[in-house]
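What follows is a short report on a single structure.
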Amino acid sequence: MLVTPLMLLLLGFPPGPAFPKQPDMNRFVSSTITIEVDNANRTYPYRLLIPSQDDSKLPLIVFLHGAGERGHDNKSQLVYLPERVISEAHFRDKPCYLLALQCPAGEQWAPYDAGDEPLGEPSPSIRAVIAAMHQVMAEQNVDPSRIYLTGLSMGGYGSWDLAARHPEWFAAVVPICGGGRPNTAPRLIGVPIWAFHGTNDRDVAEAESLAMIEAIRSAGGRPAYSALQGVGHDSWHYAYGPRGGMEWMFAQKNPHTAAFSGPGAGEPID
């Protein structure tokens, strides 16, 4: 016999917990951005969460996904942070825009083994993110003092890279289980940074995050760092969870409110 929730109530038993609803990912508007790469146009898909709001300016989160979410479906990049922003309780009091561009297969946000190479020209994918940021800032009611950057794994590398290129843009940066160029540390001294990495990460060694943190501290900066004891590569579950770095991130404000300017999408950084 099938026992229904109504029958349980009649028998005096409370019903079990309701199954959580699937997040409505259609809330992320689908769009594209086109940039010039090697004298030809290249189009990148992205999704943008546009919050319900009055006329107040709201924060923008720029999210860089990991290697496993690359492609052209304009969907795979919505896991881990984007889906949490629209479904979990600790984000309900944090209305925001969220930009999630998808890096295509065969590309990456930034090199994994750049070491102390010069910063040079950004990758095409990072150029596309910058172009999409300009588009969103021009079209939406974003608070320029509350632009946040975060990414995981391959996106952690991308977060370190983009933050070093444009430290003046970001009110806070949360790089997760990635690495960067320690020689860019002087550019990051004044940026509020909280990095996360699992001590048992077998995909990206914790030493990658530690090298960046130690370089910034040696240069005079004060980045925060959470070494997650016993955690593997999935440290984003902690960083984006209710006791992670999101409350801190949303509390940060950039004093340089007119800072969103500077080199264009394809212009190299000296």
Hey, are S226 and Y238 close enough side-chain-wise for a donor-acceptor pair under 3.5 Å?
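Y238 vs S226: no donor-acceptor pair found between side chains.
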Taking all heavy atoms of [X] and all of [Y], pick out the closest pair and write down the distance.
X: I213; Y: P223; result: CD1-CB, 3.8 Å
X: A227; Y: T199; result: CB-CG2, 4.1 Å
X: C96; Y: I61; result: SG-CD1, 3.9 Å
X: L228; Y: S235; result: CD1-CB, 3.5 Å
X: L101; Y: A132; result: CD1-CB, 4.2 Å
X: P175; Y: I193; result: CD-CG2, 4.0 Å

Do [X] and [Y] have side-chain heavy atoms sitting under 4.5 Å apart?
X: V204; Y: Y112; result: no
X: Y148; Y: V173; result: no
X: R84; Y: F91; result: yes
X: D201; Y: E206; result: no
X: H65; Y: Q102; result: yes
X: Q108; Y: S125; result: no
X: V136; Y: V62; result: no
X: D93; Y: F250; result: no

Any donor-acceptor N/O pair, [X] side chain to [Y] backbone, under 3.5 Å:
X: S209; Y: G178; result: yes
X: S123; Y: I126; result: yes
X: N254; Y: R146; result: no
X: T150; Y: F63; result: no
X: Q135; Y: A131; result: no
X: R47; Y: F28; result: yes
X: Q77; Y: E69; result: no

Got a sec, which residues hit side chain to side chain contact (heavy atoms under 4.5 Å, CB included) with D116, two or more places apart in sequence or on another chain?
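Counting only residues at least two positions away or on another chain, D116 forms a side chain to side chain contact (heavy atoms under 4.5 Å, CB included) with P182, N183.
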Ring-plane angle category for Y80 and W236, please: parallel below 30°, perpendicular beyond 60°, tilted otherwise.
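The arrangement is tilted - the two ring planes meet at 30° to 60°.
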Pair I33, V129 - check side-chain contact (heavy atoms from CB on, under 4.5 Å), show working.
CA-CA 9 Å; I33 194 78; V129 170; over 6 Å; no
Please output the side-chain donor-acceptor pairs of residues 152-164 that fall under 3.5 Å, not counting sequence neighbours, one pair per line with the distance.
unit_1, atom_1, unit_2, atom_2, d
S153, OG, H233, NE2, 2.8
Y157, OH, E208, OE1, 2.9
S159, OG, G151, N, 3.0
S159, OG, G155, O, 2.8
D161, OD1, R165, NH2, 3.3
D161, OD1, R181, NH1, 3.1
D161, OD2, R165, NE, 2.7

Nearest 0.5 Å, what's the [atom1]-[atom2] distance between [X] and [Y]?
X: H237; Y: F196; atom1: NE2; atom2: CZ; result: 14.0 Å
X: L188; Y: I216; atom1: CG; atom2: CD1; result: 4.5 Å
X: R27; Y: I86; atom1: CZ; atom2: CD1; result: 5.0 Å

Might you work through the side-chain contact (heavy atoms from CB on, under 4.5 Å) test for Y240 and M246, ending with a clear yes or no?
CA-CA 6 Å; Y240 296 149; M246 297 295 94; 3.7 Å; yes
List the steps and the verdict of side-chain contact (heavy atoms from CB on, under 4.5 Å) for L210 and Y225.
CA-CA 8 Å; L210 286 172; Y225 178 63; 3.4 Å; yes
Test side-chain contact (heavy atoms from CB on, under 4.5 Å) on E107 and R42; report intermediate values, then the result.
CA-CA 12 Å; E107 290 189 27; R42 188 177 299 178; 2.7 Å; yes
Kindly check if the number of other-residue, nucleotide or ligand heavy atoms within 6.0 Å of NZ (K94) is above 12?
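Yes.
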Enclosure of K57 NZ (heavy-atom neighbours >12, cutoff 6.0 Å):
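Atom NZ in K57 is crowded, with more than 12 foreign heavy atoms closer than 6.0 Å.
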Hydrophobic cluster membership, with links at side-chain heavy-atom distances under 4.5 Å among I/L/V/M/F/W/Y: are L58 and L48 in one?
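Shared cluster, yes.
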